Each structure stands twice: as structure tokens, then as C-alpha cells.
Amino acid sequence: QVQLVESGGGLVQPGGTLRLSCAASRRILSINVMAWYRQAPGKERELVASITSGGSQNYGDSVKGRFTISRDNAKNTLYLQMNNLKPEDTAVYYCNAHVVLVTTTTLQYNYWGQGTQVTVSS
């Protein structure tokens, strides 16, 4: 089991900055991939950014150059630094943990936080 708790969302003006945090209940070095997803009303959930246990990062095309995903292993916390926010960034942002266990069989698990609202509006 992995419990995830997001924080840091809020209301900002276009061009503003927010930093989201995701606190995990276990050491994140044991989690293969951690990621941020978002979902806006009437739209499908989409990947924003991901980071592997080895530090490899991937970003959605719409946020490249503006958002940065990072982690603090000592604090078991995932971050999303969001700069130059745009109205189209408005969504509920979810923290995700993907765990793969290989023993005699391969087991995969996905864990989700409750989400935090980000609203970008003037």
C-alpha cells in the first residue's frame, strides 16, 4: 500500500507560479515511477510529467519548458514546479505511484492521491 497526499494547489493569474507537493507513505526509492496527471472538466486524464526511481524524466508536450518534476527521497516527497501558468493548465492534479514487483510472478500496482485543484484565471 502507498498513500499519497497532494498539496499546493490554488488560484493564480496567468504567468504565475505554483509548486505542488505529494507526500508518500513509503520511501519513494521503492516506487518504480512517480507521476503527475491532470484532468480538466470534460476532458480525459492526461500525463503531465513522470520520474523514475533512477531519475529519468518525461513531460507532456504542453508543459515542456514550463514545468519541472523532482523528488526529495529523504522526505519521501514528489514535487511539480509549475512556471508561466496558462488558463489551459486549469485542472485537478493527481499524484500517481506505479509499483512493479518481480518475484516468481510480476505484480503491478497503481496508487492515486485525492487530487488538488489548480485554477489559472484573471
Side-chain angles (χ1 to χ4, degrees):
Q1 286 279 354
V2 180
Q3 284 76 51
L4 304 171
V5 180
E6 303 99 331
S7 62
L11 173 64
V12 297
Q13 293 184 325
T17 297
L18 284 174
R19 188 177 75 158
L20 306 183
S21 298
C22 171
S25 63
R26 68 165 64 177
R27 59 193 301 266
I28 59 177
L29 285 175
S30 68
I31 301 173
N32 300 89
V33 182
M34 298 195 73
W36 290 97
Y37 288 78
R38 68 186 183 188
Q39 187 167 25
K43 297 184 178 180
E44 295 184 353
R45 183 176 58 188
E46 65 174 344
L47 176 68
V48 177
S50 66
I51 186 167
T52 69
S53 59
S56 297
Q57 304 169 32
N58 290 103
Y59 296 92
D61 289 340
S62 64
V63 306
K64 288 180 179 177
R66 299 188 297 121
F67 291 9
T68 303
I69 190 170
S70 63
R71 67 188 183 193
D72 186 329
N73 293 331
K75 296 181 178 180
N76 292 333
T77 301
L78 179 75
Y79 300 99
L80 183 67
Q81 179 68 42
M82 304 187 294
N83 298 328
N84 191 24
L85 284 160
K86 303 176 180 180
E88 51 264 43
D89 295 319
T90 296
V92 177
Y93 285 69
Y94 297 92
C95 182
N96 168 263
H98 182 66
V99 180
V100 178
L101 300 176
V102 180
T103 55
T104 55
T105 61
T106 299
L107 304 176
Q108 300 186 53
Y109 303 89
N110 273 296
Y111 302 94
W112 296 91
Q114 83 289 344
T116 185
Q117 177 72 48
V118 172
T119 302
V120 185
S121 176
S122 60

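Throughout, residue positions are numbered sequentially from 1 according to the sequence presented. Computed from a prediction, not measured in an experiment: that's the story for all the values here.
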Once you round to the nearest 0.5 Å, how far does CG of Leu80 lie from OG1 of Thr68?
-> 8.0 Å
Is the shortest heavy-atom distance from the side chain of Asn96 to the side chain of Arg45 under 4.5 Å?
-> no
With Phe67, the side-chain contact (heavy atoms from CB on, under 4.5 Å) member among Asn84, Val48, Asn83 = Val48
Measure the OG-CG distance between Ser56 and Asn58 for me, rounded to the nearest 0.5 Å.
-> 7.5 Å
In terms of hydrophobic clusters joined by side-chain contacts under 4.5 Å, are Tyr109 and Leu78 together?
-> yes
Taking the side chain as C-beta and beyond, is there a heavy-atom pair between Met82 and Val118 under 4.5 Å?
-> yes
Verify the cluster assignment for Val12 and Val63: are they in a single hydrophobic cluster under the rule of side-chain heavy atoms below 4.5 Å apart?
-> yes
So, does Tyr59 use its side chain to make a donor-acceptor pair with the main chain of Ile69 at under 3.5 Å?
-> yes
Only residue of Val120, Thr119, Thr90 satisfying side-chain contact (heavy atoms from CB on, under 4.5 Å) with Leu11 is Thr119
Asp61/Lys64 under salt bridge (Lys or Arg N to Asp or Glu O under 4.0 Å): CA gap, chis, key distance, verdict = CA-CA 5 Å; Asp61 289 340; Lys64 288 180 179 177; 3.1 Å; yes
Could you go through the side-chain contact (heavy atoms from CB on, under 4.5 Å) check for Arg71 and Ile31 one step at a time?
-> CA-CA 12 Å; Arg71 67 188 183 193; Ile31 301 173; over 6 Å; no
Going by heavy atoms in the side chains, are Gln114 and Val5 under 4.5 Å from each other?
-> yes
The complete set of ring pair (Phe, Tyr, Trp, His ring centres under 6.0 Å) pairs with one or both residues in residues 77-102, sequence neighbours excluded, reads none
Between CD on residue Gln13 and OG on residue Ser121, distance to nearest 0.5 Å = 8.5 Å
Cluster link Met34 to Leu101, ILVMFWY, side chain under 4.5 Å = yes
What closest approach, in Å, do Ala40 and Ala91 show between heavy atoms, and which atom pair accounts for it?
-> N-CB, 3.9 Å
Give the table of side-chain donor-acceptor pairs shorter than 3.5 Å for residues 15-25, with sequence neighbours excluded, one pair per line with atom names and distance.
unit_1: Ser25; atom_1: OG; unit_2: Gln3; atom_2: N; d: 2.8
unit_1: Ser25; atom_1: OG; unit_2: Gln3; atom_2: OE1; d: 3.2

Are the side chains of Asp89 and Arg38 in touch, meaning some heavy atoms are under 4.5 Å apart?
-> yes
Within one Ile-Leu-Val-Met-Phe-Trp-Tyr cluster: Leu107 and Val102, side-chain cutoff 4.5 Å | no
Ring pair (Phe, Tyr, Trp, His ring centres under 6.0 Å) contacts touching residues 23-45 (sequence neighbours left out) = Tyr37-Trp112
